*Asks:* 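Encoded as structure tokens, here's the structure I'll be asking about.
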Protein chains: 4
Amino acid sequence: MDTSDLAGADPEARPLPATARGRRRRQSLLDAAREVFARDGFANARITDIADTANTAHGSFYTYFASKEEIFVALLRELEEELRSPGPRDVQQDGDGSNRVEPYEQILRANRAYLTAYRKNRAIMVAWEQVATLDAGVERLRREASDRFVQRIEKSIRHWQDKGIADPDVDPVYAAMALTGMVSNFAYRWSARDADYEVGKAAEQLSLLWANSLGIRTPRGPGETSISRGRSGRQD
Amino acid sequence: MDTSDLAGADPEARPLPATARGRRRRQSLLDAAREVFARDGFANARITDIADTANTAHGSFYTYFASKEEIFVALLRELEEELRSPGPRDVQQDGDGSNRVEPYEQILRANRAYLTAYRKNRAIMVAWEQVATLDAGVERLRREASDRFVQRIEKSIRHWQDKGIADPDVDPVYAAMALTGMVSNFAYRWSARDADYEVGKAAEQLSLLWANSLGIRTPRGPGETSISRGRSGRQD
Amino acid sequence: MDTSDLAGADPEARPLPATARGRRRRQSLLDAAREVFARDGFANARITDIADTANTAHGSFYTYFASKEEIFVALLRELEEELRSPGPRDVQQDGDGSNRVEPYEQILRANRAYLTAYRKNRAIMVAWEQVATLDAGVERLRREASDRFVQRIEKSIRHWQDKGIADPDVDPVYAAMALTGMVSNFAYRWSARDADYEVGKAAEQLSLLWANSLGIRTPRGPGETSISRGRSGRQD
Amino acid sequence: MDTSDLAGADPEARPLPATARGRRRRQSLLDAAREVFARDGFANARITDIADTANTAHGSFYTYFASKEEIFVALLRELEEELRSPGPRDVQQDGDGSNRVEPYEQILRANRAYLTAYRKNRAIMVAWEQVATLDAGVERLRREASDRFVQRIEKSIRHWQDKGIADPDVDPVYAAMALTGMVSNFAYRWSARDADYEVGKAAEQLSLLWANSLGIRTPRGPGETSISRGRSGRQD
DNA sequence: AATGAATGAGATTTCATTCAT
DNA sequence: CATGAATGAAATCTCATTCAT
């Protein structure tokens with residue numbers, strides 16, 4: 001079986017079941033799949049287990065999904081909302097400065113949201129990475145999700161550069177990919193090891209690195225002692 | 001088959017073959033494995049193919065390796081030199097300032113070396129990621145390699161902070177993981193897409209981000225206009 | 001699985017097993033297949049049964065054959081000698097009349113040989129008809145075998161017409177197909193029903209019809225009373 | 001599933017649906033079955049496809065037919081009129097010679113009718129051959145149809161022999177089977193290959209062979225040059 | 001009746017690993 | 001040791017038929 005590109009074929013081509021019972025059954029298979037994939041990973045998940053977990057004859061699986069890949073993609077689509085990389089979508093156009101969200105604040109929120117979402121679905125996210133190495137369709141899905149995110153960040157960086165609050169030496173394309181990768185890889189590695197996962201601290205540190213790397217001002221108390229300023233000779 | 005921890009068992013336990021012929025055959029299997037893993041990925045590689053590629057009977061494979069995982073690990077060990085995360089190993093303790101390498105320069109060299117090495121072995125590196133999700137031993141190997149690297153970076157950061165040339169607000173542990181992850185993820189994603197891979201530019205940009213994020217001075221022409229300095233109102 | 005054209009792909013591409021043991025095993029699988037196909041027909045034959053009959057692990061089947069179709073084709077090739085439609089291959093060029101075989105005699109021999117061979121392998125022959133409706137490759141095999149035979153007959157008919165001993169109104173192409181079909185269909189239908197199969201009588205009658213249809217002289221005792229001559233009023 | 005004798009069980013046992021709607025639905029299933037069997041052959045036809053083609057729920061199929069075999073048999077019965085082997089049913093008892101149809105003419109008409117009917121339903125006819133090898137009931141149906149035909153021909157041959165216009169050496173039983181087989185096999189093989197199908201010429205040639213084989217006079221112009229006569233040196 | 005979902009027996013196929021020669 | 005055949009545990013997938021709604 002060549003499963004290298006099933007995921008991309010006709011996304012959403014398969015119509016939902018006609019009856020409520022069918023839709024319920026489909027849903028229970030999806031729920032079961034989420035559980036099994038999270039527990040066993042994609043490669044070790046067996047269709048039989050998914051069907052069993054859904055209390056379904058294993059033939060019924062094929063009423064709704066053609067393959068393990070297909071249900072996995074369906075699962076990812078179901079997760080789309082959560083998975084949709086939560087970029088700084090709340091960037092506000094400043095006109096008056098009153099209501100304006102500081103860039104650092106935007107970054108922090110986005111990173112915190114991302115880490116939180118990743119953490120919540122960590123098992124599936126890890127499986128996603130895994131499947132992306134096996135199935136071209138899933139890889140494409142991942143790349144597309146990633147690209148959308150990267151482009152949003154890229155646009156933000158340009159915006160900040162135009163406003164003179166980000167280092168103009170930074171190439172927005174490279175930076176967007178590097179910084180989003182920094183966060184997602186961090187999330188991945190922290191998930192992989194069962195290390196303590198202190199979202200707040202992680203989000204803060206990642207955001208600090210992110211902001212610093214772009215030369216964006218980070219909040220520090222008055223009389224701040226940041227090297228980045230300190231080293232620049234200044235000092236009040 | 002439970003392959004979850006074969007790789008780690010008895011690292012290096014198996015002695016090299018006694019005869020020259022045996023060593024040659026073992027080597028040809030390793031070469032074949034490198035080719036097959038690179039072409040097919042780990043999951044799709046078949047021992048049959050490796051043996052065939054090495055012009056060896058299938059049964060002979062087991063004379064030298066106990067499993068697909070074992071030969072993969074052997075392959076990784078073989079690659080150790082190249083794979084050894086090329087961190088700033090040439091960090092020099094400065095005493096006199098004459099011979100001293102600037103931190104940014106160290107970072108740049110390390111990143112360029114890493115990207116180059118990754119690129120050269122990209123297929124195996126991707127397979128490594130893949131296997132790490134399947135086999136605990138390989139995962140451990142990866143984590144250990146990664147940890148060694150991370151610790152080296154962590155130490156460097158502390159060193160720079162102690163010398164007052166890096167932002168003290170940055171947590172070295174988080175930063176080391178985030179920044180190494182940034183680079184390796186960047187390398188991974190650029191490998192995944194067949195995009196042009198301009199190592200020089202990538203290394204520069206990554207190093208710029210890296211240095212900025214730590215508040216380390218980056219080389220710019222005199223009268224430099226960098227926001228990061230500009231914004232600090234300064235200047236020497 | 002689309003099995004519609006496996007048989008034709010690379011005839012004889014698969015090399016024979018390297019060892020004597022392997023060749024023995026392959027042969028025992030072929031023998032088992034012959035038995036199973038004969039007993040159950042192609043559609044109902046299971047690979048498991050073939051392997052069991054050959055006292056082999058059922059996975060071993062796949063060491064030698066990729067599918068049920070492939071072993072069937074191998075079986076047909078093995079039967080080629082017997083199956084090779086035994087046309088009037090012993091047609092002798094007459095020079096002196098002494099040694100010459102009468103056309104009717106040639107026809108009779110050929111038909112008797114064909115009926116005998118068909119009867120001996122009747123179960124496989126019936127399976128062949130069956131598979132030919134399912135698999136394009138087998139159908140091609142059958143058509144080719146048939147065509148070779150038809151062409152030989154066609155040539156004979158032309159030869160007889162040229163010598164003035166066969167009805168010139170008969171179209172050799174149509175006649176060759178019709179008459180070979182008459183014999184093979186007769187054989188098939190007699191095999192299908194478990195009717196008594198008196199080869200001698202059948203061969204005689206078929207040959208009589210065959211010869212008559214071409215206007216070829218058939219042997220009858222002196223003072224013969226055959227209508228066919230009688231009606232013609234004659235005779236020398 | 002043992003399908004070996006479903007077809008023959010209770011022929012016509014199942015009454016037609018009581019309501020007009022039911023009869024319509026049954027008919028649409030039959031039409032769909034004809035299409036699907038013709039396209040996919042019996043073995044590859046799926047009940048699902050038949051139901052889909054008839055725009056019917058799968059479950060409804062079983063309201064009207066118990067199995068694939070049953071609908072196939074029903075289809076054959078529906079075709080009975082066309083399929084009814086179009087023998088020389090218009091054989092006329094000659095008393096006066098006025099209205100009489102020449103034997104050759106009868107044969108020609110029958111063959112032309114048969115070839116035409118076969119051609120029109122060739123796909124189903126081929127499927128019939130296929131199913132006959134799989135299902136005893138269908139095989140019986142086929143044999144019965146065939147037998148009826150053969151017996152009619154046998155009777156004709158005896159009749160002609162009695163009247164002295166057919167070769168008495170020919171055994172009517174063998175000849176009837178051989179000659180009907182000749183025609184049906186010819187039809188089958190011409191259908192299998194997509195060769196040009198010139199019904200007129202084929203019917204003529206088959207009839208010529210048929211008549212010749214029985215020693216029946218074929219129409220030729222006066223001063224005819226046919227070998228069959230020519231060679232007899234004759235004539236009255 | 002009609003619908004379409006549910007069922008599960010059954011067949012194929014893969015391939016890592018073992019073993020006889 | 002080399003060889004390549006043997007093994008069989010798994011896993012997937014099909015689809016005729018049954019059943020709940």
Side-chain angles (χ1 to χ4, degrees), chain A residues 1 3 17-26 43-49 51 54-69, chain B residues 1 3 6 17-19 21-22 25 44-52 55-69, chain C residues 1 3 17-26 43-51 54-69, chain D residues 1 3 17-19 21-22 25-26 44-52 55-70:
Chain A
M1 178 185 53
T3 63
T19 68
R21 184 169 64 136
R23 282 189 296 275
R24 242 180 291 124
R25 183 71 77 178
R26 193 189 116 105
N44 294 323
R46 291 175 310 164
I47 288 183
T48 294
D49 291 338
N55 290 317
T56 303
H58 97 275
S60 292
F61 177 91
Y62 292 92
T63 303
Y64 301 103
F65 306 99
S67 64
K68 202 159 64 156
E69 280 78 13
Chain B
M1 177 187 54
T3 63
L6 291 175
T19 69
R21 186 173 65 136
R25 206 177 276 288
N44 294 323
R46 291 175 309 163
I47 293 204
T48 293
D49 291 336
I50 295 174
D52 286 349
N55 289 318
T56 303
H58 312 159
S60 296
F61 177 91
Y62 290 90
T63 303
Y64 300 102
F65 304 99
S67 66
K68 197 157 69 152
E69 282 76 15
Chain C
M1 178 185 51
T3 64
T19 68
R21 183 171 64 136
R23 283 189 295 276
R24 242 180 291 124
R25 182 71 77 177
R26 193 189 117 103
N44 294 324
R46 291 174 311 164
I47 289 184
T48 295
D49 290 338
I50 296 175
N55 289 319
T56 303
H58 94 275
S60 292
F61 177 91
Y62 291 92
T63 303
Y64 301 103
F65 306 99
S67 65
K68 203 159 65 157
E69 281 78 14
Chain D
M1 177 187 52
T3 63
T19 69
R21 186 171 65 136
R25 205 176 277 287
R26 194 188 116 104
N44 294 324
R46 291 175 308 163
I47 293 203
T48 293
D49 291 336
I50 296 175
D52 285 350
N55 290 318
T56 302
H58 314 158
S60 296
F61 177 90
Y62 291 89
T63 304
Y64 301 102
F65 304 98
S67 67
K68 198 158 67 152
E69 281 76 14
E70 190 172 303

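Chain naming here is simple, since letters A, B, ... match the order of the sequence lines and numbering starts at 1 in each. Keep in mind that what you see is a predicted model, and the values were worked out from it rather than measured.
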*Asks:* Just call it for C:Y64: base, sugar-phosphate, or nothing, with non-hydrogen atoms closer than 4.0 Å on any strand.
*Replies:*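 Sugar-phosphate only.
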*Asks:* So, for D:A51 and D:A57, which heavy atoms are closest and what is the spacing to 0.1 Å?
*Replies:*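 Closest approach of D:A51 to D:A57, heavy atoms only: CB-O, 4.0 Å.
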*Asks:* Could you state the interatomic distance from CD1 (D:I50) to NE2 (D:H58), rounded to the nearest 0.5 Å?
*Replies:*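 It is 11.0 Å, given to the nearest 0.5 Å.
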*Asks:* Using atom CZ of A:R24 as one end and atom P of E:dG4 as the other, report the distance to the nearest whole Å.
*Replies:*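 Rounded to whole Å, this separation is 16 Å.
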*Asks:* Between atom CZ in C:F65 and atom P in F:dA6, what is the gap in whole Å?
*Replies:*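 Result: 12 Å.
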*Asks:* Roughly how many Å is it from CZ in D:R46 to C1' in F:dT17, rounded to a whole number?
*Replies:*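 Computing the D:R46:CZ to F:dT17:C1' distance gives 15 Å.
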*Asks:* Considering just the side-chain nitrogens and oxygens of A:R21, establish if one lies under 4.0 Å of OP1 or OP2 belonging to E:dA5.
*Replies:*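 Negative; the distance criterion is not met.
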*Asks:* Side chain of B:Y62, heavy atoms from C-beta onward: which of F:dT12, E:dT18, F:dA5 has the nearest atom to it?
*Replies:*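 When the side chain of B:Y62 is considered, E:dT18 is the closest of F:dT12, E:dT18, F:dA5.
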*Asks:* Out of E:dA5, E:dT17, F:dC13, which nucleotide sits closest to the side chain of A:S67?
*Replies:*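 Closest of the options to the side chain of A:S67: F:dC13.
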*Asks:* Please list each protein N or O that sits under 3.5 Å from an N or O in nucleotides 7-9 of chain E, with the distance.
*Replies:*
{"residue": "E:dT7", "atom": "OP2", "partner": "A:A57", "partner atom": "N", "Å": "3.0"}
{"residue": "E:dT7", "atom": "OP2", "partner": "A:S60", "partner atom": "OG", "Å": "3.4"}
{"residue": "E:dG8", "atom": "N7", "partner": "A:G59", "partner atom": "N", "Å": "3.4"}

*Asks:* Rounding to a whole Å, what distance do you find between B:N44:CG and E:dT13:P?
*Replies:*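 About 19 Å, once rounded to whole Å.
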*Asks:* When you match A:G22 and D:T19 each to their closest nucleotide on DNA chain E, which lands nearer the 5' end?
*Replies:*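 Of the two residues, D:T19 wins.
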*Asks:* Would you name the heavy atoms of B:Y64 and B:P17 that are closest together and state the gap between them?
*Replies:*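 For B:Y64 and B:P17, the tightest heavy-atom pair comes out as CE2-CG, 3.6 Å.
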*Asks:* I need the single residue from D:D49, D:T48, D:N44 that forms a side-chain hydrogen bond (donor to acceptor under 3.5 Å, both in side chains) with D:R46. Which is it?
*Replies:*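 For D:R46, the side-chain hydrogen bond (donor to acceptor under 3.5 Å, both in side chains) test succeeds with only one of D:D49, D:T48, D:N44, which is D:D49.
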*Asks:* Decide yes or no on side chain to side chain donor-acceptor pair (under 3.5 Å) for A:R25 and A:T56, but give the supporting numbers first.
*Replies:* CA-CA 8 Å; A:R25 183 71 77 178; A:T56 303; 3.0 Å; yes
*Asks:* Tell me, what's DNA chain E's dot-bracket, Watson-Crick or G-U with both distances under 3.5 Å, | for other-strand, [ ] crossing?
*Replies:* .||||||||||||||||||||
*Asks:* Sequence neighbours left out, what passes ring-ring contact (aromatic ring centres under 6.0 Å, His included) with C:F65? Give chain and number order.
*Replies:*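 If we apply the ring-ring contact (aromatic ring centres under 6.0 Å, His included) test to C:F65, skipping adjacent residues, the hits are C:F61.
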*Asks:* Send over the distance from B:D49 CG to E:dA16 C1', rounded to a whole Å.
*Replies:*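 Whole-Å distance recorded here is 13 Å.
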*Asks:* I want to confirm an ordering. Mapping C:T48 and B:I47 to their closest nucleotides on DNA chain E, which one lands closer to the 5' end?
*Replies:*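 So the residue in question is C:T48.
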